[in-house]
Amino acid sequence: WQPSGWVKVHPRSVQSHRDLIRTRAVDGTDTVPELQKLFHRALRFSDRGQTSRAIRAYKQLIRTFPECQEAWLNLGICRARSDDDGALQAFEKALSLDPMYHEAHYNKALVLDDLGLVSDAVESFRQAEDSAGNDVASAAMYCCSSGLLLASEQQYDEALSAYDRAINRDPNCVDAWTNRGELLCELGEFSEAISSHCRALELSKEPRLKCGILYNLAFTYAVMGEKSSCQETLDRAIALDKDEVLSILLNFRGASLSQRRQEEMAFLQLETADRGDHRDQLLTLVRKLRSLEEDPRWIFERVLDSATSSAATAYGTTWLESWWKLAQKADLYAHDAACMVVLGSSIGWQCFLGHLHLGYASCIGYEILTSQVADSRHLAHTFGLEEHVTFHCKDAMMADVSEANLVWLNIYA
């Protein structure tokens, strides 16, 4: 788990009349009230998600106040959603007005990263950091963003250095301590990783953040083979905020996990209204799968198995609505006595749905984590589906797809 990060700086409002003393209209008159009015109008459009109208409003403002750097910054932020080149031009204009404008350097770095220009993005992050001056919180955030990018490029020493700079700038930066601990665990520096996790826990005030840090700490213990410490730490996280732990495990980002699951079941009940007895089996199975994901025993075994596996693993859930609509759109339904093979079957979601919903007579799952295969086999036995749904604890590269009419590939396979 990592802090959210990588968020564009919010559109910046004009702070005070004193900040605008140097700003004049094209005709030389001082029209601060007019500038404030135009600015707030553009910000309202941004807040409502009306990006096109916000862009037009900022352009109108710039025609009258071409030296207003905040307008150029905000224009770039709005353009970044659909026009990378236009966003970069706006940020460059803001920087021509103020080369030490750290928000512009930072947002420029984010766009450069989107374009795959890694070295240029790292340089812009560094310029943002150097320009932040006494704004230590912003400087630390820029260091963390740089560290995340460098780590994703496997430049681990440079990433670690970026996190250390963040901590030097702001010793209370929770994100820096968190990311540092996660990276040190990956590098096998477990003692230092645990120290970073514990420091992040001391500094964190929000239960949601504490859950993420505890999850990282539990994962570190799992990699070390310290099962009891792993389970104890996971239990602490679950007791603090079970929904947040599940959100981390399921790679879910949303307002409410429980509400999302209620919506999923409502969708399933509607879609299966005319299926008779078959409907009850499908609904019961989906509830059982979701219940299994909430079982502390399953969470512990999943973390332990993932940490000790020789291959990179991850768990993520696909909501039924998306799965269902994809199957309809691509016409993945079985014809005759067809066979479906799932690579990375985990606890068996696609295999069970492949048989019960798509109609495949045979569904075969391949999964490298032993705990997941054990659970999926147990479910197949519980629901009397062993003749149709089977699971193998093997690498996906060992899968036999010679008889398959449909091969379903999950991301980490």
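Only this structure's heavy atoms are used, side chains among them; waters, hydrogens and symmetry mates stay out.
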Testing the basics here: between His102 and Ala128, what is the closest heavy-atom pair and its distance to 0.1 Å?
CB-O, 3.4 Å
What pair of heavy atoms forms the shortest contact from Ser124 to Leu112, and how long is it?
OG-CD1, 3.5 Å
So does Gly348 get a backbone contact from the side chain of Ser345, meaning a donor-acceptor N/O pair under 3.5 Å?
no
Is the distance between the ring centroids of Trp323 and Trp408 less than 6.0 Å?
yes
Please test Leu283 against Arg279 for side-chain contact (heavy atoms from CB on, under 4.5 Å), starting from the C-alpha separation and ending with a verdict.
CA-CA 6 Å; Leu283 288 170; Arg279 177 193 191 220; 3.8 Å; yes
Salt bridge (charged side-chain N to carboxylate O under 4.0 Å, His left out) involving Glu271 - partner list, sequence neighbours excluded:
none
What are the two closest non-hydrogen atoms of Tyr163 and Ala151, and how far apart are they?
OH-CB, 4.5 Å
Quick one: does Leu95's side chain get under 4.5 Å of Trp72's, heavy atoms only?
no
Just by modelled atom types, is the His335 backbone N or O under 3.5 Å from a matching donor or acceptor in the Tyr360 side chain?
no
Flag the pair Glu293 and Arg261 as a salt bridge only when some basic side-chain nitrogen lies within less than 4.0 angstrom of an acidic carboxylate oxygen.
yes
Is Ser46 close to Cys78 at the side-chain level, that is, under 4.5 Å between some pair of heavy atoms?
yes
Asp241 side chain vs Arg208 backbone, donor-acceptor pair below 3.5 Å:
no
Run Arg126 and Glu123 through salt bridge (charged side-chain N to carboxylate O under 4.0 Å, His left out) and show every step you take.
CA-CA 5 Å; Arg126 190 58 186 257; Glu123 176 58 26; over 6 Å; no
side-chain hydrogen bond (donor to acceptor under 3.5 Å, both in side chains) partners of His355, counting only residues at least two apart:
none
Rounded to the nearest 0.5 Å, what's the gap from CD on Glu294 to CD1 on Ile238? Could you check?
10.5 Å
Kindly say whether Cys211 contributes a backbone atom to a donor-acceptor pair with the side chain of Arg236 at under 3.5 angstrom?
no
With a 4.5 Å heavy-atom cut-off, do Phe383 and Leu282 have their side chains touching?
no
Separation of Leu358 CG from Asn405 CG (nearest 0.5 Å):
12.0 Å
Could you tell me if the side chain of Pro296 sits less than 4.5 Å from the side chain of Leu234, heavy atoms only?
no
Short side-chain to backbone donor-acceptor contact, Asp113 and Ala109, under 3.5 Å
no
Between CG of Leu217 and OG1 of Thr233, what distance do you get to the nearest 0.5 Å?
4.5 Å
Taking side chain as C-beta onward, heavy atoms only, is Trp349 less than 4.5 Å from Thr318?
no
The test is side-chain contact (heavy atoms from CB on, under 4.5 Å); show your working for Gln69 and Lys93 and say whether it passes.
CA-CA 8 Å; Gln69 62 197 46; Lys93 181 60 179 178; over 6 Å; no
Evaluate salt bridge (charged side-chain N to carboxylate O under 4.0 Å, His left out) for Arg297 paired with Asp375, printing each intermediate quantity in order.
CA-CA 11 Å; Arg297 188 272 312 169; Asp375 282 330; 3.2 Å; yes
Going from NZ on Lys210 to CG on Leu203, what distance comes out if it is rounded to the nearest 0.5 angstrom?
9.0 Å
So, Phe352 versus Phe391, ring centres under 6.0 angstrom or not?
yes
Which atom pairs, one a donor and one an acceptor, fall under 3.5 Å between side chains of residues 221-230 and the rest of the protein, sequence neighbours left out?
none

Would you say the ring centroid of Phe125 lies under 6.0 angstrom from that of Tyr142?
no
Under a 3.5 Å distance rule, please check whether Thr382 uses its side chain to pair with a backbone N or O of His378 as donor and acceptor.
yes
Is there a donor in the side chain of Gln350 and an acceptor in the side chain of Asn410, or the other way round, less than 3.5 Å apart?
yes
Are any of the side-chain heavy atoms of Thr64 and Gln60 separated by less than 4.5 Å?
no
Note: Asp164-Arg180 ion pair, threshold 4.0 Å (strictly below)
yes
Is Lys394 salt-bridged to Glu367, going by a charged N under 4.0 Å from an acidic O?
no
Ala90 and Arg79 have their tightest heavy-atom pair at CB-NH1, 4.3 Å
Greater than 12 external heavy atoms within 6.0 Å of Lys288's NZ
no
Determine whether a donor-acceptor pair (N or O, by modelled atom type, separation under 3.5 Å) exists between the side chain of Ser152 and the backbone of Leu149.
yes
Assess the residue pair Leu268 and Trp324 against the criterion (side-chain contact (heavy atoms from CB on, under 4.5 Å)); give the C-alpha distance rounded to whole Å, side-chain angles, the decisive distance to 0.1 Å, and a yes or no.
CA-CA 9 Å; Leu268 184 60; Trp324 212 272; 3.5 Å; yes
Pair Trp177 and His197, ring centroids less than 6.0 Å apart:
no
For a side-chain contact (heavy atoms from CB on, under 4.5 Å) check, start with the C-alpha distance between Thr51 and Arg53, then their side-chain angles and the critical distance, and finish with the verdict.
CA-CA 5 Å; Thr51 306; Arg53 299 184 73 179; over 6 Å; no
For the ring pair Phe252 and Trp319, is the centre-to-centre distance below 6.0 Å?
yes
Do the side chain of Ser161 and the main chain of Asp157 share a donor and acceptor less than 3.5 angstrom apart?
no
For the residue pair Ala132 and Ala139, what are the closest heavy atoms and their distance?
CB-CB, 3.8 Å
Interatomic spacing from CD in Glu403 to SG in Cys339 - rounded to 0.5 Å
7.5 Å
Closest non-hydrogen atom pair between Val111 and Ala80, with its separation
CG2-CB, 4.0 Å
Could you grab the distance from atom CD of Glu192 to atom CG of Leu184, nearest 0.5 Å is fine?
6.5 Å
Can you confirm if the aromatic rings of Tyr333 and His357 lie within a centre distance of less than 6.0 Å?
yes
Quick one: does Phe91's side chain get under 4.5 Å of Ile77's, heavy atoms only?
yes
Under-4.0 Å salt bridge between Glu321 and Lys325:
no
Quick one: does Ile364's side chain get under 4.5 Å of Val401's, heavy atoms only?
no
